[in-house]
Amino acid sequence: MCSTENVPPWECATIFADIRMLNTCISSSFSWVPRDINRAAHWIATQFLKGSIPPDWVVNTPPFLSSVLIAPWFRF
């Protein structure tokens, strides 16, 4: 959504309407997260959808996920 508009792109309108409806039923909040900070969640979701996330990924973290999780600590 453009910061100067209150109308989402038509492709997203239904999704935003569903989110607004759900938000009236449950107490929740939403916030924007920069893509580089969200890389770990994106990787986990993508691997899950592909059916290729290891069943023990929480205990034995895959190397790529480890590097994504450690990367923010080395920015300084």
Of Pro62, Ser67, Ser66, the residue whose pairing with Phe64 passes side chain to side chain contact (heavy atoms under 4.5 Å, CB included):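 That would be Ser67.
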
Rounding to 0.5 Å, atoms SG (Cys12) and CG (Asp18) come to a distance of 12.0 Å

Distance, nearest 0.5 Å, that separates CD1 of Ile44 from CG of Leu65: 5.0 Å

Do Val68 and Trp43 come close enough that some side-chain heavy atom pair is under 4.5 Å?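 Result no, sub-4.5 Å side-chain heavy-atom pair not found.
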
Do His42 and Thr46 touch side chain to side chain, with heavy atoms closer than 4.5 Å?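 In contact.
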
Hey, quick one: are Leu22 and Ile15 part of the same hydrophobic cluster, counting side-chain heavy atoms closer than 4.5 Å, chains of contacts allowed? no

